[in-house]
Amino acid sequence: MRILLLLLAAAGLCWGQYNPNTVPKRTSIVHLFEWRWQDIAEECERYLAPNGFGGVQVSPPNENIVITNPNRPWWERYQPISYKICTRSGNEEQFKDMVKRCNNVGVRIYVDAVVNHMCGAAGGSGTHSTCGSHFNAGNRDFPAVPYSGWDFNDGKCHTGSGEIERYDDIYQVRDCRLSGLLDLALEKDYVRSKVAEYMNHLIDIGVAGFRIDAAKHMWPGDIRAFLDKLHDLNTQWFSAGTKPFIYQEVIDLGGEPIKGSEYFGNGRVTEFKYGAKLGTVLRKWNGEKMAYLKNWGEGWGFVPSDRALVFVDNHDNQRGHGAGGSSILTFWDARLYKMAVGFMLAHPYGLTRVMSSYRWPRNFQNGKDVNDWVGPPSNSDGSTKAVTINPDTTCGNDWVCEHRWRQIRNMVIFRNVVDGEPFSNWWDNGSNQVAFGRGNKGFIIFNNDNWNMNVNVQTGLPAGTYCDVISGQKENNKCTGKQDFGTLPYHLSIKMMEKARVI
Ligand code: 5J7
Ligand code: CA
């Protein structure tokens with residue numbers, strides 16, 4: 001018995017690559033898409049740490065191609081030229097300063113690792129890259145790494161075009177070019193070593209983990225091989241022997257032979273069904289309703305909770321293309337979006353990632369946003385604009401800062417407060433009014449029907465006075481918003497233990 005308990009204790013302390021390495025009771029991460037390193041450093045100190053955010057996913061920090069037609073799209077950062085830390089977000093010195101300052105206030109940094117490919121085959125040659133490194137895409141020459149022709153999959157891909165032509169053939173998905181991008185030969189120990197060298201450089205600086213971009217386009221065993229070369233995390237901030245957190249971008253909506261589960265051995269996987277389904281339910285498409293969320297999670301065919309990285313939208317599918325299509329909710333649909341993010345953060349399933357976006361001039365033509373490529377707010381010289389903070393705590397310069405929206409920020413805190421508490425006291429009206437608790441620590445009610453809600457529900461909370469943390473929060477021992485429930489009009493509300501507001 002004693003041995004069993006010891007084993008359980010050991011497993012509880014160390015869950016390796018599945019653990020985000022956040023400080024205790026900080027349970028969510030935020031993607032600060034396209035932010036500059038100096039703005040992230042400030043945000044860690046002035047906002048993320050005080051509000052209990054666990055970590056930040058940052059945009060790819062390595063040198064990328066500069067694309068001018070269209071003018072500096074966001075996706076140029078997904079076309080690497082070298083592994084120098086040198087992008088529109090900042091240089092290596094600024095990156096190091098960010099990692100240090102965020103870690104010092106207990107906020108972790110996760111790097112978006114683009115290692116399946118380099119720039120497009122038609123990327124040309126020259127020095128039009130974010131650090132001025134020379135490259136020649138036609139000759140497969142990237143001297144700043146260095147990579148040359150031998151390091152790409154041109155010989156291994158068997159489609160006529162050299163491109164991925166069909167997603168039902170696992171060989172072409174892994175060995176051919178994804179939208180023209182030069183596909184790295186990750187079966188080679190040299191390529192694995194260069195990738196690991198890049199990631200180890202970041203680990204030594206102090207990052208806590210990685211998002212593995214385009215993981216579906218790499219063999220799980222090749223990912224394993226470069227992960228096996230990684231250092232443990234920097235002991236200035238992490239205990240000795242800590243492994244980097246790994247979450248792999250595998251877009252598996254079903255219907256393709258490649259499954260997210262093939263990647264569980266390496267780390268967590270992104271569960272794209274989560275946002276696609278939640279959007280469908282809240283939009284009431286296909287006869288869906290919130291009452292069906294009673295068995296949300298594995299019951300909906302999602303990967304196991306401890307293998308899932310979940311989100312309502314990401315930088316790709318918020319633009320109306322990519323996984324999930326038009327069901328995906330974003331800041332553009334603010335009311336439903338807050339409901340979706342509130343549901344995600346209240347529900348115990350998965351490790352939660354909050355999206356933080358910039359506004360772009362959305363322009364639908366024949367159902368497609370012709371501006372889906374537009375890059376971050378920038379100056380005429382192409383440099384990214386600073387994130388400014390308005391007196392009312394919102395962001396300026398077209399940074400949306402969803403993570404600062406009161407309802408979202410308070411639900412990030414709610415999730416920390418109810419961490420480890422069971423899903424309990426589910427109630428629904430058979431339609432779109434639902435409620436559930438998290439043990440005796442928190443309770444949440446949603447009303448997405450077109451009529452008011454006036455019911456008595458069992459909350460499981462001890463008797464007391466509670467603040468609704470959607471309409472306000474507890475400040476100076478008072479609720480700034482609503483107190484308790486009463487009639488709930490067409491919106492959501494949340495109950496939370498009064499004392500639990502202290503974090
Ligand atoms: C891969 C998938 O397996 C998938 O299911 C999906 O929906 C998208 C992608 C995908 O991933 C990328 C990763 C990168 O690091 C870089 C990339 O350029 C891509 C990428 O292009 C990509 O697919 C695009 O979006 C899909 C919806 C289309 O079906 C693809 O054809 C592709 O579209 C191409 O996007 C256009 O055909 C081309 O004209 C355009 O120039 C190009 C612009 O690049 C992107 O849109 C980048 C998307 C991207 C998606 C990601 O998930 C991601 O993590 C990073 C970038
Ligand atoms: Ca590949």
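Counting from 1, the numbers follow the sequence of the chain as shown. Side-chain atoms are counted along with the backbone in the values below, which use heavy atoms only and exclude waters and symmetry mates. Just so it is clear, the model here is predicted, and its values are computed rather than measured. All ligand and atom numbering here is 1-based and tracks the order in the structure.
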Checklist entry - Under 4.0 angstrom from ligand 1, any heavy atom of His315? => result yes
Would a 4.0 Å cut-off, counted as strictly less than, catch a protein heavy atom around [atom]?
atom: atom 39 (O) of ligand 1; result: no
atom: atom 5 (O) of ligand 1; result: yes
atom: atom 32 (C) of ligand 1; result: yes
atom: atom 53 (C) of ligand 1; result: yes
atom: atom 44 (O) of ligand 1; result: yes
atom: atom 36 (C) of ligand 1; result: no

Next on the checklist: Between Arg174 and Glu262 (salt bridge meaning N to carboxylate O under 4.0 Å), is one present in this structure?
Outcome noted: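 Looking at Glu262 together with Arg174, the answer is yes, because their closest N to O distance falls below 4.0 Å.
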Checklist entry - Under 4.0 Å between a Lys/Arg side-chain N and an Asp/Glu carboxylate O for Arg77 and Asp112? => result no
Checklist entry - Where is the tightest heavy-atom contact between Glu34 and Pro376, given as atom of each residue plus distance? => result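 Shortest heavy-atom separation between Glu34 and Pro376 comes out as OE1-CG, 3.5 Å.
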Next on the checklist: Using a 4.0 Å cut-off to any heavy atom of Arg211, which atoms of ligand 1 qualify?
Outcome noted: 54 (O)
Checklist outcome for this item: Result, protein N, O or S atoms below 3.0 Å from the Ca ion (ligand 2), excl. waters, equals 5
Next on the checklist: For Phe210 and Tyr198, I'd like to know if the aromatic rings sit close, meaning centre-to-centre distance below 6.0 Å.
Outcome noted: no
Checklist entry - Are any of the N or O atoms of Trp74 closer than 3.5 Å to those of ligand 1? => result no
Checklist entry - If you measure from atom 16 (C) of ligand 1 to every heavy atom of Tyr78, Tyr167, Trp75, which option wins on shortest distance? => result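 Heavy atom nearest to atom 16 (C) of ligand 1 belongs to Tyr78.
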